Amino acid sequence: MIEVQGSCHCGAVNFTVQAKPKIVVQKCNCSMCARCGFVHYIVPASHFQLNSGADNLSEYCFNTGVAKHLFCRVCGIKSFYIPRSNPDGYSINVNCVSWPDSVEIIEEGFDGNDWENHAGTLKHLSRD
């Protein structure tokens, strides 16, 4: 495992993620992800640490209210959140992390427009 750093655009929210040297990420086509350009790297809660900025986070919930969409109050960027598919983990926005060149990132599509039929395929990602 390697430790990588991430943040929102303005730097008010900073976090650390434990990642493997080769990761598989999901590019979702749902209305939320498509609009904000979120590319998911789902990790167990034990692999995520919020270093600073908890007081700068604003929460948005919709539909079932299980997912906790967290945005920086200063710049508006959603750099991570608690997903409905994996409420025991975090989904990190790949675009908000400083990845070393040594990390191989494999992007796969995820049909979030048909979320109910596909969410189960993500469950294993938040397990240690």
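In this chain, numbering begins with 1 at the start of the sequence shown. Small disclaimer: the values here were computed from a predicted structure and weren't measured.
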- Message: Between F48 and I82, is there shared hydrophobic-cluster membership here, with clusters defined by ILVMFWY side-chain heavy atoms closer than 4.5 Å?
- Response: yes
- Is I2 reachable from I92 through a run of hydrophobic residues whose side-chain heavy atoms are each under 4.5 Å from the next? yes
- Pairs flagged by ring-ring contact (aromatic ring centres under 6.0 Å, His included) wherever residues 52-73 is involved - sequence neighbours left out: Y60-F62, F62-H69, H69-Y81
- All pairs passing side-chain hydrogen bond (donor to acceptor under 3.5 Å, both in side chains) where residues 30-42 contributes a residue, at least two apart: H40-S91
- Task: Answer yes if F15 and I23 sit in the same cluster of Ile, Leu, Val, Met, Phe, Trp and Tyr residues linked by side chain heavy atoms under 4.5 Å apart, and no otherwise.
- Result: yes
- C72 and H9: side-chain contact (heavy atoms from CB on, under 4.5 Å), yes or no, with the steps? CA-CA 9 Å; C72 173; H9 186 259; over 6 Å; no
- Pairs where residues 18-34 contributes a residue and the test salt bridge (charged side-chain N to carboxylate O under 4.0 Å, His left out) is met, not counting sequence neighbours: none
- What's the shortest heavy-atom distance between S85 and L122, and which atoms? OG-CD1, 3.7 Å
- Message: Running the 4.5 Å side-chain criterion over Ile, Leu, Val, Met, Phe, Trp and Tyr, what cluster does M1 land in, apart from itself?
- Response: none
- If you look at every heavy atom in V25 and V39, which pair is closest and at what distance? CG2-CG1, 3.7 Å
- Query: So how far is it from C28 SG to D111 CG, rounded to the nearest 0.5 Å?
  - Reply: 8.0 Å
- Item | Partners passing side chain to side chain donor-acceptor pair (under 3.5 Å) against S7 (at least two apart in sequence or in another chain) | none
- Query: Cluster question for you: counting only ILVMFWY and a side-chain heavy-atom cut-off of under 4.5 Å, with indirect links fine, are F38 and Y90 together?
  - Reply: no
Kindly list each side-chain donor-acceptor pair under 3.5 angstrom involving residues 95-107, sequence neighbours excluded, with atom names and distances?
unit_1: N95; atom_1: ND2; unit_2: G37; atom_2: O; d: 3.0
unit_1: N95; atom_1: ND2; unit_2: N93; atom_2: OD1; d: 3.4
unit_1: W99; atom_1: NE1; unit_2: V94; atom_2: O; d: 3.0

- Got a sec, which residues hit side chain to side chain donor-acceptor pair (under 3.5 Å) with T16, two or more places apart in sequence or on another chain? Q5, N51
- Query: Is C30 close to M32 at the side-chain level, that is, under 4.5 Å between some pair of heavy atoms?
  - Reply: yes
- Common cluster, L70/L50, ILVMFWY with side-chain heavy-atom separation under 4.5 Å: yes
- All pairs passing ring-ring contact (aromatic ring centres under 6.0 Å, His included) where residues 108-128 contributes a residue, at least two apart: none
- Item | Pairing residues for D128 by the side chain to side chain donor-acceptor pair (under 3.5 Å) criterion, not counting sequence neighbours | S46, H47
- Item | With sequence neighbours excluded, residues passing salt bridge (Lys or Arg N to Asp or Glu O under 4.0 Å) with E108 | none
- Task: Indicate yes or no: at least one non-hydrogen side-chain atom of Q26 is less than 4.5 angstrom from one of I42.
- Result: yes
- Mind listing the closest non-hydrogen atom pair of N29 and G112 along with its distance? OD1-N, 2.7 Å
- Sequence neighbours excluded, every pair satisfying salt bridge (charged side-chain N to carboxylate O under 4.0 Å, His left out) that has a member inside residues 71-84: R84-E116
- Message: Restricting to non-hydrogen atoms, name the atom on V74 and the atom on A12 that form the minimum distance, rounded to 0.1 Å.
- Response: CG2-CB, 4.2 Å
- Query: In Å, rounded to the nearest 0.5 Å, how long is the span from NZ of K68 to CD of E59?
  - Reply: 5.0 Å
- Query: Excluding sequence neighbours, so at least two apart, what forms side chain to side chain donor-acceptor pair (under 3.5 Å) with S52?
  - Reply: N14
